[in-house]
Amino acid sequence: MTLRDYWAVIVRRKWLVLLGVGATVLAAMLMVARQTPVYEAEAQMLVRSLPGDSVFQTQSVNAANAARLIETEIQILEGAPVEDRVRTNLGITDDIPNVSGSAVGQTDVVAIRVRSGDPNTASRLANAYMQAYIDVKREQNMNSLLDASTEVQKKVSELQDQIDAIDAKVAAAPPAQQAETEKALAAQRQRLVDQQSVFKQRLDQMQVDASLQSGNAQPVRPAKVPTDPVEPTPLRTGALALVVGLLLGLGAAFLVDHLDDSLNSPDDLERAAGGLAVLSVVPADNPPDNRPIAISEPDDPAVETYRHLRTGLQFIGLERPIKTLQVTSALPGEGKTTTAANLAIMFAQTGKRVILLDADLRRPRIHQVFAVDGTRGLTNGVLGEPLVSLVHPMSVGGGVLNVLPSGTIPGNPSEMLGGSRMRNLLKELAVNADVVIIDSAPVLPVTDSVVLAGLVDAVILVAKAHQTSRRQVAETVETLNRTGAPLVGLVLNRVEATRGRYGYGYGYGYGYGYGAKGGYGPLPDTPRDDSSPQPRPTKQKRGKAPKAPKVK
């Protein structure tokens, strides 16, 4: 498929795409409307890269360790001790919103964010979390320093005991040996004194550090009361829903189009018919009244398509003479009667002698289209009545069209159409006309058209866009080819018409069958051929009043 093919699918399934977009956006907007507004407050604090407050700390911290330190402090901020301290500081016993922390860029500044349905609560809690973190860190550092100071003090005391032991040993020596003993122990005593001095110095530093403890952090920017909620966000949600809905709609459109077996283009019809040529593509354009559009609206673009069909058949006639032309379809309601009537008018307007024969003996309609008496016609001619008394000549755009209705509906249409009398009648009509156009029954429900196809020179198959399935066309073509029918081309009718499906069965619940015996015309409750022009009593185009064609 090319981009143009994809675009054609989108245009053809545009309502499905719009439905997907509309449904998704509507659902998103309803969700936004029902969502409670949520406000977010943000406070910022500076976290020192060194592991504590100390004026004596000299070691440096590299970038990797600093980043690791910030992540560690964020975990402490979001931990249970800080949350418990917030409850204690604020005197809250119920659950409180969680806090989230994140580093601000590549700095040591940490952003503290709290969300709540109340903007004042969000701001208050953000500041409370920041203060609680500082308090917790101060206590942790203080406890660490106190523990370390205790251990250092113990070491100082141990060293002092050792010094005292050396002094006592010197004092206990005889007077004559005191000087020698003191000299021998002087180096040992000095080492102990030096060690004790170092520990005393460290103890003094710890005491200074303890007095300077501030929690290893300091506020940078307190949280302000937010004015706009962060949730819901109608514009962002709507834009996201639009994109998601568009993707869902396009996916559904392409899926449905892939699963759709109906005819959407002439190419679909050609492929379904095994490469048989499409002679004409007729647009969906109803005339203002019940007459063929070639009579009621001769300048309509649809009329030009019938001229193209006539021209195509004339070119085919250069290779193989076509005197009798059968028009049929796979199922009822596909426009075969409309096609046959307008094609007959096109041939008549060229000055040819044309006979339009209604051989649809299940549900004839030609007499209704041309407003002629249909009680006598083809069936009477088969029974031996003179054809000249059964034909209705009428003027159509400067030409003369001879209409031969179906006559009384028989109980055995297939046997009548396949008999020798029908063959002789067609030969007689062909002698007295340049072209005989035959409107016949659909192929799939009944065998009438299949039987008749063996008596004519050419057959054209009419299919309705977006209704006839490819399987039905393929089955129809296979049925006609199996009987040797001279199928010469296809007509795709009512292009761009409203999409619909006609589920058919071989019971042909359209009014065709053997129930209509001994009377004329279809049963009152049978549906109308929806592809035929419909009367519009309240609408007239171009100021012309609808009127029946003149009968000569």
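- Residues L331 and T468 form no side-chain contact, since every pair of their non-hydrogen atoms from C-beta on lies 4.5 Å or further apart.
- Looking at heavy atoms from C-beta onward, V303 lies in side-chain contact with M346 at the 4.5 angstrom threshold.
- Counting only residues at least two apart or on different chains, the salt bridge (Lys or Arg N to Asp or Glu O under 4.0 Å) pairs with a member in residues 227-242 are R115-E231.
- Judged by distance alone, with hydrogens and angles left aside, the side-chain atoms of T447 form no donor-acceptor pair with the main-chain N or O of V450 at under 3.5 Å.
- Rounded to the nearest 0.5 Å, atoms CZ (R85) and NZ (K137) are 13.0 Å apart.
- By the side chain to side chain contact (heavy atoms under 4.5 Å, CB included) test, R34 pairs with no residue at all, sequence neighbours left out.
- Within the 4.5 Å cutoff, side-chain heavy atoms of L125 are placed close to those of P97.
- No hydrogens or angles considered: a donor-acceptor pair under 3.5 Å links the side chains of D135 and Q131.
- The closest side-chain heavy-atom distance from L452 to D448 is not below 4.5 Å.
- With D268 contributing its side chain and R470 its backbone, the two residues share no donor-acceptor pair below 3.5 Å.
- For the pair D358 (side chain) and R365 (backbone), a donor-acceptor distance under 3.5 Å is present.
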Problem set entry | Worked check of side-chain contact (heavy atoms from CB on, under 4.5 Å) between E42 and R221 | CA-CA 9 Å; E42 177 182 318; R221 189 180 68 184; 3.4 Å; yes
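- At a threshold of 4.5 Å between non-hydrogen side-chain atoms, the residues E334 and P442 do not count as touching.
- Each of D95, T93, D94 was evaluated against R87; a single residue qualifies, D95, per the side-chain contact (heavy atoms from CB on, under 4.5 Å) test.
- The minimum heavy-atom distance between T24 and A241, with the atom names listed, is CG2-O, 3.3 Å.
- Side chain of S123 to backbone of N120: no donor-acceptor contact under 3.5 angstrom is found.
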For this session: Before giving the answer on side chain to side chain donor-acceptor pair (under 3.5 Å), spell out for R124 and S116 the whole-Å C-alpha distance, their side-chain angles and the decisive distance to 0.1 Å.
Result: CA-CA 10 Å; R124 183 184 179 191; S116 175; over 6 Å; no
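- Put simply, the side chain of N143 gets close to the backbone of E139: a donor and an acceptor are under 3.5 Å apart.
- Atoms CD1 and CD1, from I437 and I345 in turn, are 9.5 Å apart once rounded to the nearest 0.5 Å.
- Within a 6.0 Å radius of CZ in R307, other residues, nucleotides and ligands contribute more than 12 heavy atoms.
- By the side chain to side chain contact (heavy atoms under 4.5 Å, CB included) test, L242 is found to be paired with V21, V25, residues two or more places apart in sequence or in another chain being considered.
- A distance of 12.0 Å separates CD in E78 from CD in E73, rounded to the nearest 0.5 Å.
- The nearest pair of heavy atoms linking D360 to S406 is O-CB, 4.3 Å.
- Considering CD1 of I460 and CG of L490, their distance stands at 9.5 Å, rounded to 0.5 Å.
- Every residue was checked against the side chain to side chain donor-acceptor pair (under 3.5 Å) condition with E270, not counting sequence neighbours, and none meets it.
- Within 6.0 Å of CG in L30 there are more than 12 heavy atoms belonging to other residues, nucleotides or ligands.
- The closest side-chain heavy-atom distance from L343 to V491 is not below 4.5 Å.
- Across all non-hydrogen atoms, the minimal contact from P332 to P445 is CD-CG, 4.4 Å.
- The nearest pair of heavy atoms linking A126 to I112 is O-CG2, 4.0 Å.
- Note that CG of N98 is 8.0 Å distant from CD1 of I96, once rounded to the nearest 0.5 Å.
- Looking at every heavy atom in both residues, T339 comes nearest to Y306 through CA-CE2, 4.0 Å.
- Put simply, the side chain of D5 gets close to the backbone of T2: a donor and an acceptor are under 3.5 Å apart.
- Scored by the side chain to side chain contact (heavy atoms under 4.5 Å, CB included) test, T476 finds A330, V443, L444, L461, L480 as partners (sequence neighbours excluded).
- Closest of all the heavy-atom pairs between S329 and K336 is OG-CD, 3.5 Å.
- Considering only heavy atoms from C-beta on, I134 comes within 4.5 Å of P219 through its side chain.
- Listed for the S262 side chain is no donor-acceptor partner under 3.5 Å among the backbone atoms of S469.
- Under a 3.5 Å cut-off, the side chain of N493 and the backbone N or O of V462 do not form any donor-acceptor pair.
- By the 4.0 Å N-to-carboxylate-O rule, E71 lies too far from R68 to be salt-bridged with it.
- A donor-acceptor contact shorter than 3.5 Å is absent between the side chain of Q326 and the backbone of I438.
- No side-chain heavy atom of V86 sits under 4.5 Å from any side-chain heavy atom of V99.
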For this session: Show the numbers, then the answer: is there a side-chain contact (heavy atoms from CB on, under 4.5 Å) between F254 and I10?
Result: CA-CA 8 Å; F254 284 108; I10 295 174; 4.0 Å; yes
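- No more than 12 heavy atoms of other residues, nucleotides or ligands lie within 6.0 Å of NZ in K224, so this atom counts as exposed by the packing criterion.
- We find the CG-CZ distance between L309 and F347 to be 7.5 Å, quoted to the nearest 0.5 Å.
- A side-chain donor-acceptor contact under 3.5 Å links T328 to the backbone of A441.
- Under the side chain to side chain contact (heavy atoms under 4.5 Å, CB included) criterion, L240 pairs with V244, not counting sequence neighbours.
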